[in-house]
Amino acid sequence: MLITDHDRAGGYWGAVYAFCAVKGLQVVVDGPVGCENLPVTSVLHYTDGLPPHELPIVVTGLGESEMGEGTEEAMKRAWEVLDPALPAVVVTGSIAEMIGGGVTPQGTNIQRFLPRTIDEDQWECADRAMTWIFTEFGMTKGRMPPEKKREEGAAPRVNILGPMYGTFNMPSDLAEIRRLVEGIGAEVNMVMPLGAHLAEMRNLVNADVNICMYREFGRGLCEVLGKPYLQAPFGVDSTTKFLRALGDLTGLDPEPFIEKEKHSTLKPVWDLWRSVTQDFFATATFGIVGTETYARGIRNYLENDLGFPCAFAVARTRGKKTNNDEVRDLIHTKRPLVVFGSINEKMYLAEAKGGHGPAPAFIPASFPGAAIRRHTGTPFMGYAGATYVLQEVCNGLFDSLFHILPLATDMDATDATLTPLRRDFPWDADAQAKLDEIVAQHPILTRISAAKSLRDAAEKAALDAGNDRVVLETVAALETTPGGQS
């Protein structure tokens, strides 16, 4: 089977996500009208829930005439509907790039940014776009602006770099990182690009420490700024180490805040880990497919902090294409009870839900997918994220176990038994060995249920075929039914 599912967009999208998040910057998309409809009305509205008036974006609407004459006149028409007093940047789509578009018309204040959408993915381009915003609007003729020294007694300043549109669960994770920074007594200097104004870009140099929210983009700007920077944390242990490192860099004592969090934000983690659900952690498995930020963070938390076995963790990294065929195979063969991922993994799980054993639980943890995450109460990062993720895992496990229970409607719909089933129906040794092999692939908690369903199905198939015993071929045929190892 050829797997063609996409798991990230081209560079053009990363530029749009970064530039539209900055206040005071107008964006001209040099491309057909569809290039505006897709990122704005479809993706951004459905996933980030954005009202149209918050996106200062216009499209040139390329047609056949621009293919031969160029896009300069179309860009000028687009610019005329914008505010001429505000800066503007043109972002070229793949079609405009192929015909040499993006040439800025005379008499406009449009600046050009080439996303290289043909050979860059959204994260590579977003990293360049963040750096470009600072070097173009924060620096003067390539020189770093002077740093404004902190007043005596003022709180240390921290930048949070990376939050932008098109990033899964960004509002909640940003709120949690801000809460941690302020919790130990530091002050958030700027969040960039989301919500930052072009006129404020020079103030990025005033922070004592930078926090890079994502591994996929943002580090380029951290290197340009030249200040110490930390990666946003996941889980209990990593967050504690993060806070202590932040304390060392800022001269603050994080221990009072950490101690307070143990008795408040983190208390449910202890309660859930020590409750009846503790039986799940060593006997059920989870899988995750997501950005490297999420795949590494969630795996480290669930596996190392909680002892929850990881069936697989596939990280989507910048500049590399994910092997979706391999991901699909992992879901079908490893059979984790909980899967974190995108709409791609949700589709693969739908294939595996039939047949024998529990229905695996799916937890959204990545784009692409129609998942709205605007509320700030669903973080995956930090201490609050540790509680939220564990809560969702426990709910997912309960949901998986629920699907073991037979529905009365299914029981009533059972075929009539025309002849009594034979007790102690004979099984060939190799058929029994094959059954044991299939059952061993199921999570420990659900093996009894899966074994009974498989045994009943094998004996019924043998009787329907007129056989007087269960043979290897009968059991092997069950393995290729929905939910087996197709």
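Please read all numbers here as calculations on a predicted model, not as lab measurements.
- With contacts defined as side-chain heavy-atom distances shorter than 4.5 Å, the pair Thr285/Leu337 does not qualify.
- Judged by distance alone, the side chain of Gln26 and the main-chain N or O of Leu86 form a donor-acceptor pair under 3.5 Å.
- Between Val90 and Arg112 the shortest heavy-atom distance is CG1-CA, 3.6 Å.
- The one candidate from Phe340, Tyr294, Phe380 that meets the ring-ring contact (aromatic ring centres under 6.0 Å, His included) condition with Phe234 is Tyr294.
- Rounding to the nearest 0.5 Å places SG of Cys212 at 10.0 Å from CG of Leu230.
- Although no hydrogens or angles enter the test, the distance criterion places no donor-acceptor pair under 3.5 Å between the side chain of Asp121 and the main chain of Gly10.
- In this structure, a donor-acceptor pair under 3.5 Å is present between the side chains of Gln231 and Arg219.
- Between the side chain of Thr293 and the backbone N or O of Arg215 there is at least one donor-acceptor pair closer than 3.5 Å.
- With respect to Thr387, the side chain to side chain contact (heavy atoms under 4.5 Å, CB included) criterion is satisfied by exactly one of Leu272, Asp271, Val269: Val269.
- At least one side-chain heavy atom of Phe19 sits under 4.5 Å from a side-chain heavy atom of Trp132.
- Looking at Thr92 and Pro115, their side chains come closer than 4.5 Å, going by heavy atoms from C-beta outward.
- Under the 4.0 Å criterion applied to side-chain N and carboxylate O atoms, Glu261 and Arg179 are assigned as salt-bridge partners.
- In this structure the side chain of Leu25 reaches within 4.5 angstrom of the side chain of Val89, judged on heavy atoms.
- The CG atom of Asp127 sits 8.5 Å away from the CG atom of Leu221 when rounded to the nearest 0.5 Å.
- A distance of 12.5 Å separates CG in Leu249 from OH in Tyr229, rounded to the nearest 0.5 Å.
- Atom CD of Glu80 sits in a crowded spot, with more than 12 heavy atoms from other residues, nucleotides or ligands closer than 6.0 Å.
- Taking 4.5 Å as the limit, every side-chain heavy atom of Tyr388 sits out of range of all side-chain heavy atoms of Met381.
- Checking side-chain atoms of Arg128 against main-chain N and O of Leu114 turns up a donor-acceptor pair under 3.5 Å.
- Judged purely by atom type and a 3.5 angstrom limit, Glu216 has no side-chain atom pairing as donor or acceptor with the backbone of Trp123.
- A pairwise comparison of heavy atoms in Leu174 and Pro163 identifies CD1-CG, 3.8 Å as the closest pair.
- Expressed to the nearest 0.5 Å, how far CD1 of Ile184 lies from CZ of Phe242 amounts to 7.5 Å.
- Although no hydrogens or angles enter the test, the distance criterion places a donor-acceptor pair under 3.5 Å between the side chain of Asn323 and the main chain of Glu326.
- Heavy atoms only, all atoms of each residue included: Val205 and Phe134 are closest at CG1-CZ, 3.9 Å.
- Look at Asp208 and Arg150 and you find a salt bridge, because one of the NZ, NE, NH1 or NH2 atoms lies within 4.0 Å of a carboxylate O, short of that distance.
- By the 4.5 Å heavy-atom criterion applied to side chains, Ile160 and Asn189 are not counted as neighbours.
- Using a 4.5 Å cut-off on side-chain heavy atoms (C-beta onward), Val209 and Val181 make no contact.
- Looking at Asp248 and Arg244, no side-chain N of the basic residue comes within less than 4.0 Å of a carboxylate O on the acidic one, giving no salt bridge.
- Looking at Val191 and Arg178, their side chains come closer than 4.5 Å, going by heavy atoms from C-beta outward.
- With rounding to the nearest 0.5 Å, the separation of NZ in Lys262 from NZ in Lys267 is 15.0 Å.
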- [ ] Test Leu161 against Ile211 for side-chain contact (heavy atoms from CB on, under 4.5 Å), laying out the working first.
- [x] CA-CA 6 Å; Leu161 306 179; Ile211 297 174; over 6 Å; no
- [ ] With salt bridge (Lys or Arg N to Asp or Glu O under 4.0 Å) as the test, would you mind laying out the steps for Arg116 and Glu124 before giving the verdict?
- [x] CA-CA 10 Å; Arg116 291 170 46 194; Glu124 292 174 302; over 6 Å; no
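- Nearest heavy-atom pair, Gly24 versus His197, reported as atom, atom and distance to 0.1 Å: CA-NE2, 3.9 Å.
- Checked by atom type and distance alone, the side chain of Asp305 pairs as donor or acceptor with a backbone atom of Val236 at under 3.5 Å.
- Residues Ser366 and Arg316 have side chains that bring a donor and an acceptor to within less than 3.5 angstrom of each other.
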- [ ] Show your working on side-chain contact (heavy atoms from CB on, under 4.5 Å) between Thr140 and Arg202 and close with a plain yes or no.
- [x] CA-CA 9 Å; Thr140 304; Arg202 61 187 296 109; 4.2 Å; yes
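- Here Glu147 pairs with Lys227 in a salt bridge; the nearest charged N to carboxylate O distance falls below 4.0 Å.
- A donor-acceptor pair under 3.5 Å is formed between the side chain of Asn159 and the backbone N or O of Met190.
- Residues Thr378 and Ser172 bring a donor and an acceptor atom of their side chains to less than 3.5 Å of each other.
- Of the inter-residue distances, the one linking Met130 atom CE with Leu204 atom CG reads 8.5 Å to the nearest 0.5 angstrom.
- Of all non-hydrogen atoms in Pro87 and Phe137, the two that sit nearest each other are CB-CE2, 4.0 Å.
- Here the closest non-hydrogen pair linking Gly185 and Ala155 is O-CB, 3.4 Å.
- The aromatic rings of Phe286 and Phe308 sit tilted relative to each other, their planes meeting at an angle between 30° and 60°.
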TODO: Give the intermediate values and the outcome of side-chain contact (heavy atoms from CB on, under 4.5 Å) for residues Phe362 and Val338.
DONE: CA-CA 6 Å; Phe362 173 75; Val338 178; over 6 Å; no
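- Under a 3.5 Å cut-off, the side chain of Glu176 and the backbone N or O of Gly385 do not form any donor-acceptor pair.
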Task: Val29 vs Tyr12, side-chain contact (heavy atoms from CB on, under 4.5 Å): CA-CA, chis, key distance, verdict - done: CA-CA 9 Å; Val29 171; Tyr12 151 78; 3.5 Å; yes
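- Between Tyr214 and Phe217, the ring-plane angle classifies as tilted under the 30° and 60° cut-offs.
- Counting only distance, with no hydrogens or angles, the side chain of Tyr301 and the backbone of Ala386 share a donor-acceptor pair below 3.5 Å.
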